[in-house]
There are 2 protein chains.
Amino acid sequence: MESLTIGELAVRSGVAASALRFYEREGLIHASRTGGNQRRYDRAELRRVAFIKIAQQVGVSLDEIREALASLPENRTPTKGDWSRLSARWRHRLEERISVLERLRDQLTGCIGCGCLSLQRCKLVNPSDRLAGRGAGPQMVLNPPGD
Amino acid sequence: MESLTIGELAVRSGVAASALRFYEREGLIHASRTGGNQRRYDRAELRRVAFIKIAQQVGVSLDEIREALASLPENRTPTKGDWSRLSARWRHRLEERISVLERLRDQLTGCIGCGCLSLQRCKLVNPSDRLAGRGAGPQMVLNPPGD
DNA sequence: CTGCAAGTTGAAGTTCACTTCAGCTCAAGC
DNA sequence: GCTTGAGCTGAAGTGAACTTCAACTTGCAG
């Protein structure tokens, strides 16, 4: 068994066949064809699909994922090093996302103490009424001054 | 200034007026009306909007947010205690979300080391081919056995 | 009291990420 | 060689979360 049918890739990746066809149309993955026009996937495509799923978890759009995948070499199967570089890129994104959520958690904990969630009164959630911060909303949480 | 116009609420909350009207149609926020049919928001609505924004950051759908907000008292302005209870609920969600992402980060770090991201070969990302785990895909990351 | 920015409505449009459908063809087991 | 499940295509549909539009009304500043 050298290559996978779309059904096999679907089962092994946990992504619906219709989504795999969609990803192909969108240029995220590639498939060769049999004489009868059926898709056959190289095992390397499993990594691409895994990468797509993980990136989506991190909150990256398919557009950005495509862009990232485009940086992989076309002419050869990506090496460990290729994947490492991509992973490192997402890792940074991931850490940013985590720190937003942690900040949110910490501030929410503070607000559980004071019972507030006000955009207007709670300094933790939104200092923008006092601080002449540009932009409205819970700035402290979503765009901390430390950035 | 006792109540806010939709424009004022939009500026102070950082949510577009069209979105505020949408939220009202969806039963997430409420407004009283002037003689001329314009919306006037009680300051307490700012908290609701803040809550909506924060919950969305945590990845909660508007449906679920509506459900949560429905648990607030109808007849009086929510107290600190009311908001505390709701916040505590989301805090739990938030911590789950954070731990998914942290797990992802840790495993991605591991994979940067080995250069892999395979659904098939990397035990860290996906043991489902060896372990008779139900469900395909990167199970270790998305649904860790520890749950 | 007038001008004009800000507000109102319902309906339709948008983007994202897919799924579903209809009408076919392919391929593997009996 | 026939049946049956798996696969193919393009087009249309879905749902979430809004935005835009057109046509009209309100309300405050001067």
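As the structure is a computational prediction, the values presented were derived from the model and not from experiment. Residue numbers begin at 1 in each chain, while the letters A, B, ... track the order of the sequences.
Put simply, CD1 on Ile6(B) is 16 Å from C1' on dG27(D), counting in whole angstrom units. Summarising the geometry, the separation between CG on Asp63(B) and C1' on dT14(D) is reported as 15 Å, rounded to the nearest angstrom. For the pair Glu8(B) CD and dA6(C) C1', the interatomic distance rounds to 11 Å; values are reported in whole Å. Atom CG in Leu4(B) sits roughly 16 Å away from atom P in dG27(D) (whole-Å rounding). Spacing between atom CZ of Phe22(B) and atom P of dT14(C) amounts to 17 Å, rounded to whole angstrom units. The interatomic distance linking Lys53(A) (NZ) with dA17(C) (C1') rounds to 14 Å, in whole Å. Atom C1' of nucleotide dT15(C) and atom CD of Glu64(A) are separated by 15 Å, given to the nearest angstrom. Atom CD1 in Ile65(B) sits about 11 Å away from atom C1' in dA17(D), given to the nearest Å.
Residue Tyr23(A) places none of its side-chain N or O atoms closer than 4.0 Å to OP1 or OP2 of dA17(C). For dA6(D), neither phosphate oxygen OP1 nor OP2 lies less than 4.0 angstrom from any side-chain nitrogen or oxygen of Arg21(A). Taking side-chain N and O atoms only, Arg33(A) has no distance below 4.0 Å to OP1 or OP2 of dC26(C). Side-chain N/O atoms of Arg39(A) include none lying less than 4.0 angstrom from OP1 or OP2 on dG7(D). For the OP1/OP2 pair of dG27(D) and a distance below 4.0 Å, the side-chain nitrogens and oxygens of Thr34(B) include at least one atom meeting the criterion. Close to dA5(C), at under 4.0 Å from its OP1 or OP2, lies no side-chain N or O of Gln38(B).
Under the 3.5 Å distance criterion, the side-chain polar atoms of Arg12(A) are left unmatched by any main-chain donor or acceptor of Leu46(A). No donor-acceptor distance shorter than 3.5 angstrom exists from the side chain of Gln56(A) to the backbone of Lys53(A), with no hydrogens or angles considered.
In this structure, Gly36(A) and Gly36(B) both approach DNA chain C, and ranking their closest nucleotides by distance from the 5' end singles out Gly36(B). Each of Thr5(B) and Val60(A) lies near DNA chain C, and the nucleotide nearest Thr5(B) is the one positioned closer to the 5' end. Residue order along DNA chain D, read from the 5' end via each residue's closest nucleotide, puts Leu20(B) first among Leu20(B) and Arg40(B). Toward the 5' end of DNA chain D, the nearer of the two residues Gly7(A) and Arg25(B), judged by each one's closest nucleotide, is Gly7(A).
Counting non-hydrogen atoms under 4.0 angstrom, Ala17(B) reaches nothing in the nucleic acid. The residue Glu26(A) sits apart from the nucleic acid: no heavy atom pair falls under 4.0 Å.
Closest contact between the side chain of Asn37(A) and the listed nucleotides dC18(D), dC8(D), dC18(C) involves dC8(D).
Contact record, Gln57(A) with Leu101(B): O-CD2, 3.7 Å, taken as the closest heavy-atom pair.
Counting heavy atoms from C-beta on, the side chains of Asp42(B) and Ser32(B) never come closer than 4.5 Å. The shortest distance between side-chain heavy atoms of Glu24(A) and Tyr41(A) falls below 4.5 Å.
Leu72(B) CG to Arg47(B) CZ: the interatomic distance, rounded to the nearest 0.5 Å, is 10.5 Å.
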